[in-house]
Amino acid sequence: MILPLHTHLRDRIAATLRHRYGLHPSAMPAIVIEYPPNRRLGDLAVTVAFELARTLRKAPRVIAQEIAETVGELSGIGRLEPTDAGYLNVFLDRAAFARDRVAGDTPPAGTAAGLKTIVEHTAINPNKAAHVGHLRNAALGDTLCRLLRFRGAEVEVQNYIDDTGVQVADVVVGLRELEGTGLDELRPLVDAPGFDYYCWDLYARVTRWYEADETRLTYRRAALLDLEHNTDPAAAMARLLTDRIVRCHLRTMARLGVEYDLLSWEGDILRLEFWTRAFELLKASGTVFLQQDGRLAGCWVMPIDDGGARDEDGRSDDAAQTGPDDETRAKVIVRSDGTVTYVGKDIAYQLWKFGLLGRDFHYRWFDTQRSGRPLWATSSVDIPPSPDRGPVPRFGRAGAVYNVIDTRQSYLQRLLVQALTSMQHPRAAERSVHFSYEMVALSHATARALGYEDADSEAHTPFVEVSGRKGLGVKADDLLDQVTERAEREVAARHADLPTAERRRIAVMIGTAAVRYFLIKFSRGKVIAFDIDEALSFEGETGPYLQYATVRARKILQKLRDRDGVETTALLESLATTPTDSLTSEAGDGLWDLILEASRLDEVTEQAVRTLELSVLAKYAFGLAQRFNGFYHSSPVIAEENEAVRRWRAAGVHYFQSQMTRALELMGCDVPPRM
RNA sequence: GCGCCCGUAGCUCAGCUGGAUAGAGCGUCGGUCUCCGGAACCGAAGGCCACAGGUUCGAAUCCUGUCGGGCGCGCCA
């Protein structure tokens with residue numbers, strides 16, 4: 001890891017600036033450490049001389065020289081070299097650096113150590129199969145969790161289940177009105193294979209059924225009311241179908257190695273009357289008030305403080321005549337009929353996450369996940385779990401909350417933060433992070449392949465939007481099936497000797513890496529125009545490319561063991577007394593580059609979390625794999641005759657392999673034994 | 001109308017808090033020692049970083065404006 005060295009270097013330079021120029025800490029510029037474009041220029045570069053040129057009224061070149069003179073010996077680091085342009089280039093002590101990392105490079109405690117952090121992700125409406133858009137959410141959310149844990153945070157993963165919403169109501173209506181299915185007929189149906197696919201189609205059919213005759217929407221309203229008030233048989237049907245669909249979703253996500261700690265059911269939030277308590281708090285803090293007149297008379301509203309986001313009929317010309325009603329924008333929290341809106345429920349839930357609501361759920365054991373990790377669910381009733389499940393964990397009461405939701409919810413997430421601020425919870429407001437990302441659409445080619453693109457939808461748009469209502473989209477399981485099948489063919493072509501089960505196991509690892517890497521490598525603000533062929537590719541910038549490099553590295557170490565009897569631990573120990581010219585000479589540049597780059601994992605994870613840009617991890621891992629592959633082709637290890645050279649190369653290979661394995665783990669990917 | 005996001009090679013995208021010659025993948029073209037596995041490697045072609053101003057030692061990056069595209073703004077969730 002390289003961050004400790006960064007800090008050390010920064011401290012030394014800061015100390016130098018204080019002594020030489022008498023700079024006060026307040027006047028201290030940020031000491032930026034970057035990587036020179038060319039390794040011959042140095043390993044690191046510091047640009048602080050440019051920053052100081054104005055205040056010190058000296059040329060950057062002079063300042064850089066003075067700093068280099070004054071800083072003295074950088075024991076264990078290396079030396080500083082000022083350039084004419086004003087850069088301070090750092091040449092690291094290669095041997096010392098390499099010895100320190102290669103022998104065992106554990107990540108440091110991390111900046112977020114001990115901070116209880118809740119990450120909410122996935123949150124798919126439990127009424128139909130998951131699609132690629134949901135996979136992007138889960139891949140981002142799960143990777144974020146892994147990164148936060150890597151930095152030392154205590155992470156609790158929650159998956160919100162909207163079991164009382166319109167989408168579930170629609171499928172209940174579909175079952176009853178289109179299929180003539182009641183509770184009794186539903187029971188065998190939900191356990192049949194492909195139930196989530198069945199609901200996918202049914203949901204699309206209901207949408208069309210409503211469109212054909214809008215009076216049919218009364219069925220939806222009736223069903224929705226039944227769900228909210230827990231009235232059977234509609235509510236019983238909903239309970240049954242959402243339970244099974246959620247299990248389908250969990251199974252799909254488990255294929256990608258995604259697991260959770262808690263399922264938060266909206267129905268429990270309603271039944272436990274979280275809202276009642278939240279409403280008291282909102283009123284007491286003056287966050288909401290009862291609108292007396294105007295078009296929102298009788299509603300409890302929250303003023304919206306920013307000037308933006310007016311609705312379409314916000315006529316500015318006659319605003320003077322309409323009076324005060326239009327002047328301050330307000331968001332309805334409680335309707336004039338006394339029912340609460342979505343934002344209201346969300347505020348209650350967010351308060352609970354921070355332990356600020358003063359109420360808690362009951363909990364029930366839900367399942368044991370693939371890794372053995374237990375999955376709990378919220379409950380409205382207090383039934384003690386059986387003793388063999390262990391005690392219920394202490395859910396909620398977080399110090400920080402990340403909500404992984406697509407960018408279309410930005411407006412509402414902002415209102416949420418505003419409510420927390422207004423309720424005198426500035427810390428919670430500050431630590432409520434909306435991890436937003438753009439949606440997944442379909443490329444025209446893929447939409448066409450699915451049979452969705454007809455003549456009138458001309459290719460003026462850059463992509464085709466996914467629509468659950470229309471049933472338009474690539475189902476997650478279909479994608480995973482295809483990618484696994486494809487991987488299995490590739491494995492079979494290379495390893496005819498492997499038993500089928502093992503081929504299958506490896507294919508799953510490769511397919512997972514392909515999909516997860518694909519979903520992570522774009523920056524979050526970019527719409528992914530999902531293209532099936534691109535996602536199924538295993539060449540170039542893909543997950544399998546990273547795995548392949550790692551497998552190659554491991555193969556070398558394995559051969560050293562099997563053929564030459566060299567154990568890795570013994571090899572690493574021998575480095576203390578092994579000459580280092582193969583690392584320090586120009587011929588060792590390739591090896592040195594590999595080691596230095598591999599050490600940057602902690603720096604990269606830090607940046608990824610700071611910017612919430614997980615693609616930087618993906619890009620870094622890819623660049624590292626490229627570097628290794630280049631090294632692999634230019635620098636033989638086993639065939640190398642010079643023993644010192646061979647040892648150092650093997651050490652570099654080992655370090656690469658171990659850092660890359662960590663990086664892959666952070667992205668939820670395994671390293672196959674062969675591929 | 002207002003707000004947020006996006007615009008970089010033929011296509012899909014990187015480019016961290018401004019820094020040295022703007023980089024990858026795919027595609028195209030041309031190569032790679034019977035070698036630790038070719039799911040790889042090396043090379044070539046391909047750029048007014050949408051446009052116009054500004055800020056400064058320095059701008060793809062920051063500011064303003066314009067154009068083009070996406071999304072959001074409800075007593076829906």
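Throughout, protein chains are lettered first and strands after them, A, B, ... in sequence-line order, and every chain is numbered starting at 1.
For Arg674(A), the side-chain atoms get nearest to G37(B) when compared with the rest of G37(B), C41(B), A20(B). Here the nucleotide nearest the side chain of Arg408(A), chosen from C71(B), U17(B), A20(B), is C71(B). Listed nucleotides C16(B), C6(B), U12(B) differ in distance to Lys526(A); the shortest reach to its side chain belongs to C6(B). Looking at the side chain of Pro462(A), the nearest of the listed nucleotides A24(B), A20(B), G69(B) is G69(B). Distance from the side chain of Lys555(A) is smallest for G37(B) among the nucleotides A77(B), G37(B), U12(B). The nucleotide whose nearest atom lies closest to any side-chain atom of Arg329(A) is, among U12(B), C36(B), C73(B), C73(B). Nearest to the side chain of Arg414(A), among G3(B), G19(B), A77(B), sits G3(B). Closest to the Leu41(A) side chain, of the nucleotides G15(B), G72(B), A20(B), is A20(B). In the set C36(B), A40(B), A77(B), the nucleotide with an atom closest to the side chain of Pro636(A) is C36(B).
Across all strands shown, Lys619(A) has heavy atoms under 4.0 Å from sugar-phosphate atoms exclusively, and none from any base. Within the nucleic acid shown, Phe622(A) comes within 4.0 Å of sugar-phosphate atoms alone, with no base atom in reach, counting heavy atoms only. Val46(A) comes within 4.0 angstrom of nothing in the nucleic acid, heavy atoms only. Glu613(A) comes within 4.0 angstrom of no nucleic acid atom, judged by non-hydrogen atoms across all strands. Using a 4.0 Å heavy-atom criterion, one finds that Thr164(A) contacts no nucleic acid atom at all. Glu603(A) comes within contact range of no nucleotide atom at all, as no heavy-atom separation falls under 4.0 Å. Counting any heavy atom pair closer than 4.0 Å across all strands shown, Ala487(A) reaches no nucleic acid atom. Within 4.0 Å of Leu412(A), counting heavy atoms only, lies at least one base atom of the nucleic acid. Within 4.0 Å (heavy atoms only), Ser336(A) reaches at least one base atom of the nucleic acid. Residue Glu490(A) is in base contact, counting any heavy-atom pair closer than 4.0 Å across all strands shown. Base engagement by Asn89(A) is indicated by at least one non-hydrogen atom pair under 4.0 Å involving a base atom. Residue Phe522(A) is classed as a sugar-phosphate contact, given heavy-atom separations below 4.0 Å to backbone atoms only. Residue contacts shown for Gly525(A) are limited to sugar-phosphate atoms, with no base heavy atom under 4.0 Å away.
Atoms CD1 (Ile63(A)) and P (G19(B)) sit 19 Å apart, rounded to a whole Å. In this structure, CD of Glu539(A) is placed 10 Å from C1' of G38(B), rounded to the nearest angstrom. Separating the CD1 atom of Ile638(A) from the P atom of G37(B) is a distance of 7 Å, rounded to the nearest angstrom.
Stacking of the aromatic ring of Tyr632(A) onto the base of A40(B) is not found under the criterion of centres within 5.5 Å and planes under 30°.
Of the residues Asn125(A), Val206(A), Ile124(A), the one that meets the side chain to side chain contact (heavy atoms under 4.5 Å, CB included) test with Gln167(A) is Asn125(A).
A donor-acceptor pair is defined here as one N or O able to donate and one able to accept, closer than 3.5 Å; no such pair exists between the side chain of Gln65(A) and the backbone of Val62(A).
Contact annotation: side chain of His633(A) to base of G38(B), donor-acceptor pair absent below 3.5 Å. Judged by distance alone with a 3.5 Å cut-off, no donor-acceptor contact links the side chain of Arg552(A) to the base of A40(B).
A salt bridge links Arg39(A) with Asp593(A): the distance from a Lys NZ or Arg NE/NH1/NH2 to an Asp or Glu carboxylate oxygen falls below 4.0 Å.
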Scoring nucleotides 57-62 of chain B by protein non-hydrogen atoms under 4.0 Å (B base, S sugar-phosphate only, - none) yields B-----

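Taking the C1' atom of each, C75(B) and A60(B) are spaced 46 Å apart, rounded to whole Å. If you take atom C1' in G19(B) and the same atom in G15(B), they sit 13 Å apart, rounded to whole Å. Comparing the P positions of U66(B) and G30(B) gives an interatomic distance of 49 Å, to the nearest angstrom.
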Can you check side chain to side chain contact (heavy atoms under 4.5 Å, CB included) on His434(A) and Ser410(A), steps first, answer last? CA-CA 7 Å; His434(A) 176 202; Ser410(A) 296; 3.6 Å; yes

For RNA chain B, the dot-bracket pattern of Watson-Crick and G-U pairs whose distances stay under 3.5 Å, | for other-strand partners: (((((((..((((.....[...)))).(((((.......))))).....(((((..]....))))))))))))....

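Two residues, Thr407(A) and Met675(A), neighbour RNA chain B, and the one matched to the more 5' nucleotide by heavy-atom proximity is Met675(A). If Phe463(A) and Gly165(A) are placed on RNA chain B by their nearest nucleotide, the residue sitting closer to the 5' end is Phe463(A).
Sparse packing is recorded around OH of Tyr219(A), with 12 or fewer heavy atoms of other residues, nucleotides or ligands lying under 6.0 Å away. Arg54(A) CZ: 12 or fewer foreign heavy atoms inside a 6.0 Å radius.
For Phe631(A) and Phe656(A), the gap between ring centers reaches or exceeds 6.0 Å.
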